[in-house]
Amino acid sequence: MRDLELKELENKQQLMRFNNDNLRQDIENKNRELGISTMSLIKKNEFLNSIKKELKNADDTKNAIKHVIKIIDKNLNNTDDWHLFEEAFNNADKDFLKIIKAEHPSLTSNDLRLCAYLRLNLSSKEIAPLLNISSRSVEVKRYRLRKKMNLPHESSLTDYILEI
């Protein structure tokens with residue numbers, strides 16, 4: 001009887017280990033998917049920005065070029081990308097946005113967006129095309145976010161966000 005109970009406990013433990021391994025694998029897959037999604041967005045926006053810059057510098061200022069620039073602007077400002085990213089981010093890091101919003105209720109949706117990118121440990125240079133702004137503007141946004149969160153100047157904003 002005792003051996004049967006021991007065997008049953010061992011089987012339950014093995015099943016729990018198996019389930020934990022599956023969950024770990026799911027998390028790794030979600031994180032990989034999130035990374036791929038993020039890098040894809042960065043590359044797409046960098047590409048569109050380079051095309052836009054080239055078209056603006058072109059000597060030919062026909063309506064066709066202006067039309068292409070409008071289409072590019074529409075794609076750069078596409079909020080669908082953010083919604084897809086947000087969904088992937090929430091799958092990988094369940095409650096981060098809720099926690100940070102609870103701790104800092106004054107944060108805007110753009111601030112939360114920046115926090116999500118910082119949570120992925122992206123540099124200002126990588127964040128810039130995602131927000132369709134310059135690297136310098138990202139630095140300004142980081143500075144303002146630090147002020148909103150009342151973080152001391154010597155503490156790292158990224159470290160603070162990664163610790164949440």
Side-chain angles (χ1 to χ4, degrees), residues 1-49 74-164:
M1 186 72 159
R2 180 99 172 149
D3 287 341
L4 186 61
E5 288 175 357
L6 261 163
K7 195 71 165 165
E8 190 175 320
L9 276 174
E10 285 177 17
N11 286 340
K12 283 183 181 179
Q13 282 181 331
Q14 193 172 1
L15 184 61
M16 286 172 72
R17 274 194 296 275
F18 179 73
N19 285 337
N20 285 342
D21 288 343
N22 279 345
L23 290 173
R24 257 188 233 102
Q25 188 67 38
D26 283 349
I27 290 171
E28 287 175 19
N29 288 340
K30 295 284 183 189
N31 285 336
R32 199 173 306 110
E33 178 184 311
L34 178 61
I36 291 168
S37 170
T38 302
M39 294 315 292
S40 173
L41 285 173
I42 290 170
K43 293 292 182 200
K44 179 198 106 180
N45 285 353
E46 283 176 348
F47 172 70
L48 290 173
N49 275 323
K74 182 181 174 196
N75 277 295
L76 283 171
N77 296 322
N78 189 349
T79 55
D80 290 344
D81 289 342
W82 168 245
H83 293 302
L84 288 172
F85 170 81
E86 187 177 26
E87 186 177 320
F89 183 83
N90 283 331
N91 284 337
D93 201 343
K94 284 272 184 243
D95 296 322
F96 171 73
L97 292 174
K98 289 178 190 171
I99 292 169
I100 200 154
K101 184 68 176 167
E103 286 184 23
H104 304 283
S106 65
L107 297 182
T108 65
S109 59
N110 283 334
D111 294 334
L112 292 173
R113 197 174 187 179
L114 178 59
C115 288
Y117 294 140
L118 292 172
R119 178 78 169 187
L120 294 173
N121 215 5
L122 297 177
S123 68
S124 294
K125 188 177 178 183
E126 292 168 321
I127 294 170
L130 292 170
L131 298 177
N132 195 24
I133 58 176
S134 70
S135 294
R136 178 72 184 121
S137 296
V138 174
E139 293 300 325
V140 171
K141 280 184 169 292
R142 289 171 72 123
Y143 172 77
R144 290 180 181 153
L145 183 60
R146 178 192 303 278
K147 281 180 75 171
K148 278 186 181 181
M149 294 176 152
N150 293 320
L151 292 178
H153 185 68
E154 61 277 358
S155 69
S156 165
L157 175 63
T158 303
D159 287 346
Y160 173 75
I161 286 174
L162 288 173
E163 289 170 6
I164 293 177

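- What you find for Leu118 and Leu162 is that their closest heavy atoms are O-CD2, 4.2 Å.
- Evaluation of the ring pair (Phe, Tyr, Trp, His ring centres under 6.0 Å) test over residues 122-148, restricted to residues two or more places apart or in two chains, returns none.
- Under the side chain to side chain donor-acceptor pair (under 3.5 Å) criterion, Ser135 pairs with no residue, sequence neighbours left out.
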Could you check Leu122 against Leu130 for side-chain contact (heavy atoms from CB on, under 4.5 Å), going step by step and ending with a plain yes or no? CA-CA 11 Å; Leu122 297 177; Leu130 292 170; 3.8 Å; yes

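- Atom CG in Leu97 sits 10.0 Å away from atom CD1 in Ile164 (nearest 0.5 Å).
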Run Lys30 and Leu34 through side-chain contact (heavy atoms from CB on, under 4.5 Å) and show every step you take. CA-CA 6 Å; Lys30 295 284 183 189; Leu34 178 61; over 6 Å; no

Show the numbers, then the answer: is there a side-chain contact (heavy atoms from CB on, under 4.5 Å) between Leu107 and Leu145? CA-CA 8 Å; Leu107 297 182; Leu145 183 60; 3.5 Å; yes

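- Counting only residues at least two apart or in different chains, ring pair (Phe, Tyr, Trp, His ring centres under 6.0 Å) contacts with residues 5-25 are absent.
- Every residue meeting the side chain to side chain donor-acceptor pair (under 3.5 Å) condition with Lys148, not counting sequence neighbours, appears here in chain and number order: Asp111.
- Minimum heavy-atom separation, Pro152 to Arg146: O-NH1, 3.5 Å.
- Within a 6.0 Å radius of NZ in Lys101, other residues, nucleotides and ligands contribute more than 12 heavy atoms.
- Note on residues 116-138: pairs passing salt bridge (charged side-chain N to carboxylate O under 4.0 Å, His left out), not counting sequence neighbours, are Asp93-Arg119.
- None of Asn110, Ile161, Leu157 except one satisfies the side-chain contact (heavy atoms from CB on, under 4.5 Å) rule with Cys115; the exception is Ile161.
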Side-chain donor-acceptor distances from residues 1-10 under 3.5 Å, at least two apart:
none

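- Screening residues 152-164 for salt bridge (charged side-chain N to carboxylate O under 4.0 Å, His left out) gives no qualifying pairs among residues at least two apart or on separate chains.
- Pairs passing the ring pair (Phe, Tyr, Trp, His ring centres under 6.0 Å) check and including a residue from residues 97-128, sequence neighbours excluded, read Trp82-Tyr117, Phe85-Tyr117, His104-Tyr160.
- Shown here for Ala128 and Ser134, the closest heavy-atom pair between the two residues is CB-C, 3.7 Å.
- Taking CD1 of Ile127 as the reference point, atom CG of Asn132 lies at 14.0 Å (rounded to 0.5 Å).
- Taking the side chain to side chain donor-acceptor pair (under 3.5 Å) definition, one finds that Thr158 meets it with Arg142, sequence neighbours left out.
- Sorted by first and then second residue, the salt bridge (charged side-chain N to carboxylate O under 4.0 Å, His left out) pairs with a member in residues 14-28 read Asp21-Arg24; sequence neighbours excluded.
- Scanning both residues, Leu131 and Lys141, for their nearest heavy atoms gives CD1-CD, 4.1 Å.
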